[in-house]
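Everything numeric in this text was worked out from a predicted model, so none of it was measured. In the text below, chain A, chain B and the rest are named by the order of the sequence lines, each starting its count at 1.
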Protein chains: 2
Amino acid sequence: MTSLLPTSGSAPTLEMVAALAGVSRSTVSRVVNASPKVTPEVVEIVNAAIVTLGYVPNRAARTLASRKTDSIALVIPENTAKFFADPFFASVIQGAAMFLSKTDYTLTLLIASETDAQKTQRYLRGGNVDGALVLSHHSDDRSYVELGQNFPIVFGGRPMSQGGRNFVVDVDNVAAAATAVQCLIDHGKTNIATIAGPQDMAAGLDRLEGWRTTLETAGLPATLFEAADFTPAGGASAMKRLLDRGERFDGLFAASAQMASGALGVLREHGLAVPGDVGVTTIDNDYYAKNANPPLTTVDQPSMQQGAKMAEVLVRMIDGEDVDTLTIMPTHLIERASV
Amino acid sequence: MTSLLPTSGSAPTLEMVAALAGVSRSTVSRVVNASPKVTPEVVEIVNAAIVTLGYVPNRAARTLASRKTDSIALVIPENTAKFFADPFFASVIQGAAMFLSKTDYTLTLLIASETDAQKTQRYLRGGNVDGALVLSHHSDDRSYVELGQNFPIVFGGRPMSQGGRNFVVDVDNVAAAATAVQCLIDHGKTNIATIAGPQDMAAGLDRLEGWRTTLETAGLPATLFEAADFTPAGGASAMKRLLDRGERFDGLFAASAQMASGALGVLREHGLAVPGDVGVTTIDNDYYAKNANPPLTTVDQPSMQQGAKMAEVLVRMIDGEDVDTLTIMPTHLIERASV
DNA sequence: TTGAAAGCGCTAACAA
DNA sequence: TTGTTAGCGCTTTCAA
């Protein structure tokens, strides 16, 4: 049982470095910030002093004086469990982290469940970060959209709330769904059902629309659909509801690979073969798509690149550059054994 | 499209609140920090001003003045890919986040190998956080051990480096391994091999020791082992090496469920039935253990609780309370079909 | 219970 | 190229 002293108040300051080096604080500051206009000899002396003292700049003081935090937040409006279950988040973060490691920004993850939405907002407004990446999904994203009007925010996926000018990096969900559905049609399927995503998310709505318009264009019926929450469990129960309807279908477009994998289990239980009885296509080239039985034909959504792009756009916004309000990432079909 | 902030563009300051409320800055500060000695009427007036202005305290200024950041870091000394592949990290973070949401600390994730080690150290030393949780593993953790001598750090798992006093929240890996091996013995297995974890990690070493001593105590041979890196792929190749030796064994203790799942595939390829030909036990009650074929008998390591405990210990350290230098989390056996 | 005043450690004009 | 001088927005003695 022992207690530890709070960080002993003896952290070396810039002033101490200046004294030891025999120069002014400004000069030390310039050296620390790699200003080009300092004589090499002085730089050397100052650096020596920094080393002997073990000096590390105080971040709070720096931020207060410069109005820059050098860090940005990645906001995930989901609970922790869902955050870790969904490979999409992992990829986006990886992409963002990868891009930022080339800069000197730090990434702070904010897993913002509905309960502490307030806490998150205060965090962003309190000057903790220079900007934020928001993986927006649900219709309650209005507060972020508002915040985005006078604070640098880049949305991953189109926010549901209207109003103002938003910066978005997205995939064309309508087109992605259309590709997946067209693949089913190309394989001769004529009765194509869908398990749609949540209808309070843009991705959910857009993918449903892509399914509908593609079928209508092909002169095929577009009536069989059930919505779920993008999870395997949700996909499974939607599949059951679809089967309970008793209508026949030979194709299924699931709006996410996680839902598709849930649906596959139910199909199997009901003695329906894939792709024999029902052809299946989906979106997301993740673990679930690759390891499903059979492996799923899917539309690859480049989440890692999306994360990197989001970070890039945000950093450029912070630096005051002009950036496009909308960046669309390309998608492409990956054919496997499910259709 | 309504904006929340005054049109001035810059965020409202404490001073502006004071002016609007007709009190001094000190009083506003007291209200913001819930000081008990402010008249209720004044509190009300100030709060009204805060609301109309949409005031949020500036974190940097606060930190600079108070020497408190109200945030702590969770350092993960692995690359991003491994971070997301290992459910252990997910659980620990979830536990820590859960505990911290009850406090007003914010959690900042530092995936340490993304940035170089130097960058992380500077981050911690630069006053960005009040303390850190370090999921220490490899033998290169000396710098954290050193930093821990005068900065609040709680290690998840015993660090490899010696020296000084460290605060650790761990499971008894020797005992956990012993439990898993004993289970094999209890099922009549007499030739028990092991796939050990990395020998530069405490968990790797301790689990190997638990295997060895348990066998020796039982008067059984303890010679068949191969080390791997805790991943499925590593487990698979260690399994191959084990088989290549040509020695017979009827039991296998894999030091992690991920390695066990990799080993299972190799066993199957070689026509060895589990548990018929080889009984298998492991450690970690995660996705890999539950979804293996057959499901794995394993020792449950309560990672979520460990994360919560780590956060709790750290917060108490920061608050200057006395805490134990070592906290051991309980483990327990979960019997499934693999033995 | 409240206010005045002195910094916290740094950056950034402006001078020199 | 270097130093001087103000702050950045807040907390915190110390008086009143």
Side chain to side chain donor-acceptor pair (under 3.5 Å) involving B:S35 - partner list, sequence neighbours excluded | none

Rounding to a whole Å, what distance do you find between A:D70:CG and C:dC10:P?
-> 15 Å

In whole angstroms, how far is the C1' atom of C:dA12 from the CZ atom of A:R67?
-> 12 Å

Rounded off to whole Å, could you give me the CZ-to-P distance for the A:R125 and D:dG9 pair?
-> 17 Å

Sorted by chain and number, sequence neighbours left out, side chain to side chain contact (heavy atoms under 4.5 Å, CB included) with B:S143 holds for B:Q121

Nucleotide nearest B:R25 (side chain, heavy atoms from C-beta), chosen from C:dA6, D:dG3, D:dC8 | C:dA6

In short, the helix from C:dT1-D:dA16 to C:dA16-D:dT1 is bent end to end, axes from five pairs each side, to 10°, by 30°

Return the value, rounded to whole Å, for the distance between atom CE of B:M16 and atom C1' of D:dC10.
-> 15 Å

Donor-acceptor under 3.5 Å (A:D141 side chain, A:S161 main chain) | yes

Within residues 29-45 of chain B, find the residues that approach DNA chain C with a heavy atom at under 4.0 Å, and present them sorted by residue number.
-> B:R30, B:K37, B:V38, B:T39, B:V42

Between CG of A:N128 and P of D:dG9 the distance, given in whole Å, is 15 Å

Please state whether the base of C:dA12 and the side chain of A:S66 form at least one donor-acceptor pair under 3.5 Å?
-> no

Consider the side chain of B:T27, meaning its heavy atoms from C-beta on, and name the nucleotide among C:dC8, C:dT11, C:dT2 that approaches it most closely.
-> C:dT2

Does a donor on one side chain sit under 3.5 Å from an acceptor on the other, for A:T27 and A:S24?
-> yes

Sequence neighbours excluded, the answer for salt bridge (charged side-chain N to carboxylate O under 4.0 Å, His left out) partners of A:K68 is A:D70, A:D130

Listed once per pair and sorted, the side-chain hydrogen bond (donor to acceptor under 3.5 Å, both in side chains) pairs that draw on residues 310-325 of chain A, sequence neighbours left out = A:R316-A:E321

Options C:dC10, D:dT4, C:dA4, nucleotide nearest the side-chain atoms of B:S26 = C:dA4

Who pairs with B:P57 by side chain to side chain contact (heavy atoms under 4.5 Å, CB included), at least two apart in sequence or on another chain?
-> A:R122, B:V32, B:Y55, B:R62

Contacts of type side chain to side chain donor-acceptor pair (under 3.5 Å), residue B:R59, not counting sequence neighbours = none

Contact list for DNA chain C against residues 51-62 of chain A - heavy-atom distance below 4.0 Å | A:Y55, A:P57, A:N58, A:A61, A:R62

For A:T327, which residues count as a side chain to side chain donor-acceptor pair (under 3.5 Å) partner, sequence neighbours excluded?
-> none

Please table the atom pairs, donor to acceptor, closer than 3.5 Å between any side-chain atom in residues 304-311 of chain B and protein atoms at least two apart or in another chain.
| from | atom 1 | to | atom 2 | distance (Å) |
| --- | --- | --- | --- | --- |
| B:Q306 | NE2 | B:V169 | O | 3.1 |

Partners of B:R25 by side chain to side chain donor-acceptor pair (under 3.5 Å), sequence neighbours excluded?
-> none

Separation of B:I50 atom CD1 from D:dG9 atom P, in whole Å?
-> 16 Å

Per atom distances to the B:L64 side chain, the nearest of C:dC8, D:dC10, D:dG3 is C:dC8

